[in-house]
Amino acid sequence: MTQELTPDQWRRRWDAVDRYVTELLAPPDEALTRALADSDAAGLPSIAVAANQGKLLHLLARTLGARTVLEIGTLGGYSTIWLARALPATGRLISLEYSPDHAEVARANLARAGLDSIAEIRTGPALETLPMLAAEPGAGPFDLFFIDADKVNNPRYVEWALKLSRPGSLIVVDNVVRGGSILDAGTDDPAVRGTREMYELVAREPRLDATAVQTVGSKGYDGFLLARVVS
Ligand code: SAH
Ligand code: DHB
Ligand code: MG
């Protein structure tokens with residue numbers, strides 16, 4: 001098992017290991033399978049979290065005893081289903097999505113999963129819907145945040161998450177490695193610049209205690225960042 005592999009062979013191995021892990025520990029059910037199938041059929045990009053990553057979000061929410069979740073970037077609601085299933089019947093998940101088309105697919109997927117009384121999707125650019133949400137009486141604090149939208153705005157999303165948090169809340173940010181491209185300090189790729197600014201903001205923010213972990217798998221080489229709100 002230690003022979004040299006070509007990049008393509010590595011990708012196939014990562015994929016095979018994800019399948020192995022997923023079959024045993026995060027097997028799909030009807031609602032999850034159909035959520036992906038209907039997202040595909042509607043022409044949404046295949047960029048939802050992998051099943052084992054969805055299961056990680058679910059386990060984090062359960063471990064926190066989360067009752068409230070704020071997601072930024074819904075797509076077809078696949079990660080939303082994993083997260084909403086971790087909440088009690090009285091729990092609440094709000095997911096912010098720019099595209100009305102994506103939101104429509106996601107709403108149908110959540111309804112089929114029986115989660116429409118827990119999970120609500122709000123359409124619009126998150127930098128517009130976040131201040132509206134924050135202005136509502138009783139909005140937040142949220143126990144868990146999943147930030148997975150346009151990466152250029154990641155620093156702003158972390159700032160909003162902090163505003164809407166309490167000590168002990170957890171902020172998860174997806175796609176923080178991007179094949180290692182985040183090392184490129186001179187890049188003009190807005191997604192990489194936004195992600196690097198987000199790291200720097202998290203690093204200097206005394207209210208956050210954080211780490212980031214690199215991942216390989218069916219989604220390639222990427223990673224996620226975890227930040228705990230300490231005060
Ligand atoms: N969390 C999903 C994947 C999200 S993909 C999952 O794992 O299943 C990223 C989503 O963010 C896309 O649906 C995209 O339309 C949305 N998005 C992009 N820019 C946005 C913005 N400014 N505000 C809110 N959502 C945005
Ligand atoms: C992309 C976005 C994601 O959130 C992701 O997990 C993978 C890829 C993308 O925009 O390419
Ligand atoms: Mg993502």
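Counting convention: from 1, in listed order, for ligands and their atoms alike. Starting from 1, each residue takes its place in the sequence as its number. Values below: every heavy atom of this structure, side chains too, minus hydrogens, waters and symmetry copies.
- For atom 21 (C) of ligand 1, the nearest non-hydrogen atom from the set D150, L96, V152 comes from D150.
- A 6.0 Å sphere centred on CG of D188 holds no more than 12 heavy atoms belonging to other residues, nucleotides or ligands.
- More than 12 heavy atoms of other shown residues, nucleotides or ligands fall within 6.0 angstrom of atom CD in E159.
- Each of the following atoms of ligand 1 lies closer than 4.0 Å to a heavy atom of A126: 21 (C), 22 (N), 23 (N), 24 (C).
- Counted within 6.0 Å of CZ on R193, heavy atoms from surrounding residues, nucleotides or ligands total 12 or fewer; the atom is thus considered open.
- In summary, the side chains of R67 and T90 do present a donor paired with an acceptor at a separation below 3.5 Å, with no hydrogens or angles considered.
- Each of the following atoms of ligand 1 lies closer than 4.0 Å to a heavy atom of F146: 1 (N).
- Take the N/O/S atoms of D148: the one nearest the Mg ion (ligand 3) is OD1.
- Of all the heavy atoms of L127, none lies under 4.0 Å from any atom of ligand 1, so neither backbone nor side chain is involved.
- Annotation: atom 7 (O) of ligand 1 to nearest protein heavy atom, V49 N, 2.9 Å.
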Can you give me a line-by-line list of nitrogen or oxygen pairs between ligand 2 and the protein shorter than 3.5 Å?
{"residue": "ligand 2", "atom": "4 (O)", "partner": "D148", "partner atom": "OD1", "Å": "2.7"}
{"residue": "ligand 2", "atom": "4 (O)", "partner": "K151", "partner atom": "NZ", "Å": "3.1"}
{"residue": "ligand 2", "atom": "4 (O)", "partner": "N175", "partner atom": "OD1", "Å": "2.7"}
{"residue": "ligand 2", "atom": "6 (O)", "partner": "I47", "partner atom": "O", "Å": "3.4"}
{"residue": "ligand 2", "atom": "6 (O)", "partner": "D174", "partner atom": "OD2", "Å": "3.2"}
{"residue": "ligand 2", "atom": "6 (O)", "partner": "N175", "partner atom": "OD1", "Å": "3.0"}
{"residue": "ligand 2", "atom": "6 (O)", "partner": "N175", "partner atom": "ND2", "Å": "2.7"}
{"residue": "ligand 2", "atom": "6 (O)", "partner": "K219", "partner atom": "NZ", "Å": "2.5"}

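- Atom numbering of ligand 1 starts at 1 in the shown order; those under 4.0 Å from a heavy atom of H102 are 12 (C), 13 (O), 15 (O).
- Checked by atom type and distance alone, the side chain of N109 pairs as donor or acceptor with a backbone atom of G76 at under 3.5 Å.
- The closest heavy-atom contact to atom 25 (N) of ligand 1, among the options Y157, Y78, Y98, comes from Y98.
- There is a side-chain donor-acceptor pair under 3.5 Å between T68 and D143.
- Side chain to side chain, N154 and Y199 fail the donor-acceptor criterion of an N or O pair below 3.5 Å.
- For D174, the nearest N, O or S atom to the Mg ion (ligand 3) falls under 2.8 Å.
- Checked by atom type and distance alone, the side chain of R207 never pairs as donor or acceptor with a backbone atom of V229 at under 3.5 Å.
- Protein heavy atom nearest atom 2 (C) of ligand 1, with residue, atom name and distance: S79 OG, 3.3 Å.
- When the heavy atoms of I47, D148, L75 are ranked by distance to atom 9 (C) of ligand 1, first place goes to D148.
- Using modelled atom types, no side-chain atom of E128 and backbone atom of P125 make a donor-acceptor pair closer than 3.5 Å.
- In this structure, the side chain of E97 engages the main chain of T74 through a donor-acceptor pair within 3.5 Å.
- The Mg ion (ligand 3) has an N, O or S atom of N175 closer than 2.8 Å.
- Ion pairing between a basic and an acidic side chain is recognised when a charged N comes within 4.0 Å of a carboxylate O; D38 and R112 show such pairing.
- Distance alone, capped at 3.5 Å, is enough to place a donor-acceptor pair between the K219 side chain and the I47 backbone.
- The proximity of E97 to ligand 1, defined as any non-hydrogen pair under 4.0 Å, involves the side chain as well as the backbone.
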